[in-house]
There are 2 protein chains.
Amino acid sequence: MDNFSSKDNVANIIKIPKPTLRRLPLYYQYLKREMALGREFISCTSIAEGMGLTPIQVRKDLQVTGAVGKPKIGYHTGAVISSIEECLGYKNTKDALLVGAGNLGLALLGYEGFADYGLNIVAAFDNDPAKIGMEYRGKKILDIAKFSDLARRMNIQIGIITVPASQAVNICNLMIESGIKAIWNFAPVLLSVPEGIVIQNENVAASLSVLSQELLKAKQE
Amino acid sequence: MDNFSSKDNVANIIKIPKPTLRRLPLYYQYLKREMALGREFISCTSIAEGMGLTPIQVRKDLQVTGAVGKPKIGYHTGAVISSIEECLGYKNTKDALLVGAGNLGLALLGYEGFADYGLNIVAAFDNDPAKIGMEYRGKKILDIAKFSDLARRMNIQIGIITVPASQAVNICNLMIESGIKAIWNFAPVLLSVPEGIVIQNENVAASLSVLSQELLKAKQE
DNA sequence: TAGATTGTTAATCGATTAACAATC
DNA sequence: TAGATTGTTAATCGATTAACAATC
């Protein structure tokens with residue numbers, strides 16, 4: 001009768017408000033820690049307090065994940081964790097290739113926490129002969145000349161850029177030509193990409209500006 | 001007569017919308033590049049195109065910096081750059097101390113771009129005897145035991161945390177005890193701080209989630 | 001002068017917060 | 001049952017977008 005009956009469902013999958021999307025991983029971290037501390041049930045008031053948010057916001061955020069709580073008791077910690085994992089797709093592993101084996105690149109390459117979020121960095125690439133062929137924490141550093149071939153052969157969707165600003169645009173183009181669909185850019189340049197390619201520009205300068213602005217504000221009070 | 005006459009002015013200094021605040025450094029980067037390319041005047045349409053924004057948003061954002069343009073001609077590139085520098089305080093240097101001389105710590109310590117934003121990382125600290133005493137790009141790595149003393153003597157306001165998650169809370173406390181007023185946290189933990197202390201929690205997991213969510217959305221289309 | 005572009009006021013949109021009913 | 005906590009609908013707030021007048 002009503003062929004829009006699955007509307008809510010579709011909306012749930014596709015439409016998560018961006019601010020909520022950015023907070024969900026934080027809930028995830030927090031709840032995993034609480035769970036490890038043996039907390040089986042948790043109320044949104046207590047989550048809010050622990051994370052510096054308001055209880056209403058916590059309720060609204062958790063709602064989009066499909067998590068349900070019980071009045072008077074709260075949420076089952078494990079169930080919420082599962083809801084978030086499900087909602088953000090942490091359980092299906094996504095392979096990625098990283099380009100730029102400098103300090104930042106190695107920091108990301110060696111960070112074991114990404115596994116929690118379903119990200120698997122397969123290998124790193126560089127153009128420095130001194131680095132090519134080396135291993136870092138079990139991950140190989142390969143010649144950038146081999147990037148395209150490997151990316152295509154393994155059908156990799158995600159590329160991570162950790163090269164200096166001057167080379168970022170070139171690497172970005174190389175990635176797109178090699179079939180990469182999502183680019184996580186840590187170089188301090190705003191990269192623009194064609195329709196159909198997803199880009200996430202990290203920008204420490206932006207965060208720094210927020211920090212120093214708030215420091216200034218705090219001083220004035 | 002009207003002692004609220006300076007209201008707008010005060011509001012300008014204190015009240016920049018957070019989304020705008022995060023975009024201003026990106027305009028700054030972009031405009032500096034355009035200026036280096038010899039572009040003396042630039043319209044908001046052209047900025048918008050180059051950065052993937054809308055012209056109206058650019059106009060609104062630049063407005064909070066106090067930058068003024070000329071109808072038909074556009075903005076004087078250099079003037080806008082100065083306005084942003086003024087507005088975000090890039091010209092008064094802010095000293096910072098960094099704790100955790102791992103890959104990420106060294107990446108930040110060695111990044112010369114911070115100078116543009118007025119940030120000067122004075123030195124790094126670690127507890128690893130193998131690292132203590134070393135230098136990286138002209139910056140010393142000191143014993144964490146000396147942190148408090150140096151922070152107080154130099155009256156440092158900003159602390160940068162690049163230690164593993166497990167140590168982040170301790171380092172955060174150490175910083176607060178040592179008189180640090182603003183903390184830039186790169187450890188994958190949500191740190192909460194007392195009233196009067198400013199905290200900026202970086203979170204790669206949050207960005208990663210946005211990226212992979214958008215990749216998912218793009219695939220569904 | 002004519003037209004392009006800024007500056008500003010109003011309308012829309014989305015996220016947060018508040019209020020309250022439902023329920024264990 | 002009584003009371004605490006969830007779930008949901010409405011109200012508020014802030015940011016973005018649209019419309020248009022001002023101006024070089």
Give the rounded distance in Å between these two atoms: [atom1] of [X] and [atom2] of [N].
{"X": "B:Phe41", "N": "C:dT6", "atom1": "CZ", "atom2": "P", "result": "12 Å"}
{"X": "B:Asp61", "N": "D:dG14", "atom1": "CG", "atom2": "P", "result": "17 Å"}
{"X": "B:Tyr75", "N": "C:dA4", "atom1": "OH", "atom2": "C1'", "result": "13 Å"}
{"X": "A:Gln63", "N": "C:dT17", "atom1": "CD", "atom2": "P", "result": "16 Å"}
{"X": "B:Ile42", "N": "C:dT6", "atom1": "CD1", "atom2": "C1'", "result": "15 Å"}
{"X": "A:Lys15", "N": "C:dG14", "atom1": "NZ", "atom2": "C1'", "result": "8 Å"}
{"X": "A:Lys60", "N": "D:dA10", "atom1": "NZ", "atom2": "P", "result": "11 Å"}
{"X": "B:Gln57", "N": "D:dA18", "atom1": "CD", "atom2": "C1'", "result": "13 Å"}

Point to revise | Pairing partner (Watson-Crick or G-U wobble, both distances under 3.5 angstrom) of C:dC20 | key: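 Across any shown strand, C:dC20 pairs with D:dG7.
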**Study point:** Residue matched to C:dA15 through Watson-Crick or wobble contacts both under 3.5 angstrom
**Key:**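 Pair assignment: C:dA15 / D:dT12.
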**Study point:** Phosphate-side-chain proximity, A:Ser43 and D:dT5, N/O vs OP1/OP2 below 4.0 Å
**Key:**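 No, outside the criterion.
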Check your understanding: Does OP1 or OP2 of D:dT16 have a side-chain N or O of B:Arg23 closer than 4.0 Å?
Key ->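 Affirmative; the distance criterion is met.
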Closest non-hydrogen atom pair between [X] and [Y], with its separation:
{"X": "A:Leu109", "Y": "A:Ala124", "value": "CD2-CB, 3.8 Å"}
{"X": "A:Tyr27", "Y": "A:Val58", "value": "OH-CA, 3.5 Å"}
{"X": "A:Val122", "Y": "A:Lys139", "value": "O-CD, 4.0 Å"}

Shortest side-chain distance from [X], nucleotide among [options]:
{"X": "B:Cys44", "options": "C:dA15, C:dT6, C:dA10", "value": "C:dT6"}
{"X": "B:Ile56", "options": "C:dT5, D:dT16, D:dA18", "value": "D:dA18"}
{"X": "B:Arg59", "options": "C:dA15, D:dA15, C:dT8", "value": "C:dT8"}

**Study point:** Upstream residue (5' side of DNA chain C) when A:Thr54 and A:Ile73 are each assigned their closest nucleotide
**Key:**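 Its nucleotide being nearer the 5' end, the pick is A:Thr54.
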Point to revise | Nearest-nucleotide 5' precedence on DNA chain C, A:Lys18 against B:Pro71 | key: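 Nearest nucleotide further toward 5': that of B:Pro71.
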Exercise for review: Given salt bridge (Lys or Arg N to Asp or Glu O under 4.0 Å), test A:Glu214 with A:Lys219 step by step and report yes or no.
Suggested key: CA-CA 9 Å; A:Glu214 294 195 345; A:Lys219 273 188 203 164; over 6 Å; no
Check your understanding: So what does A:Lys72 hit on the nucleic acid, given a heavy-atom distance under 4.0 Å: a base, only sugar-phosphate, or nothing?
Key ->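 Base contact.
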Exercise for review: Verify whether the ring centers belonging to A:Tyr111 and A:Phe114 lie closer than 6.0 Å.
Suggested key: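 Yes: the rings meet the under 6.0 Å criterion.
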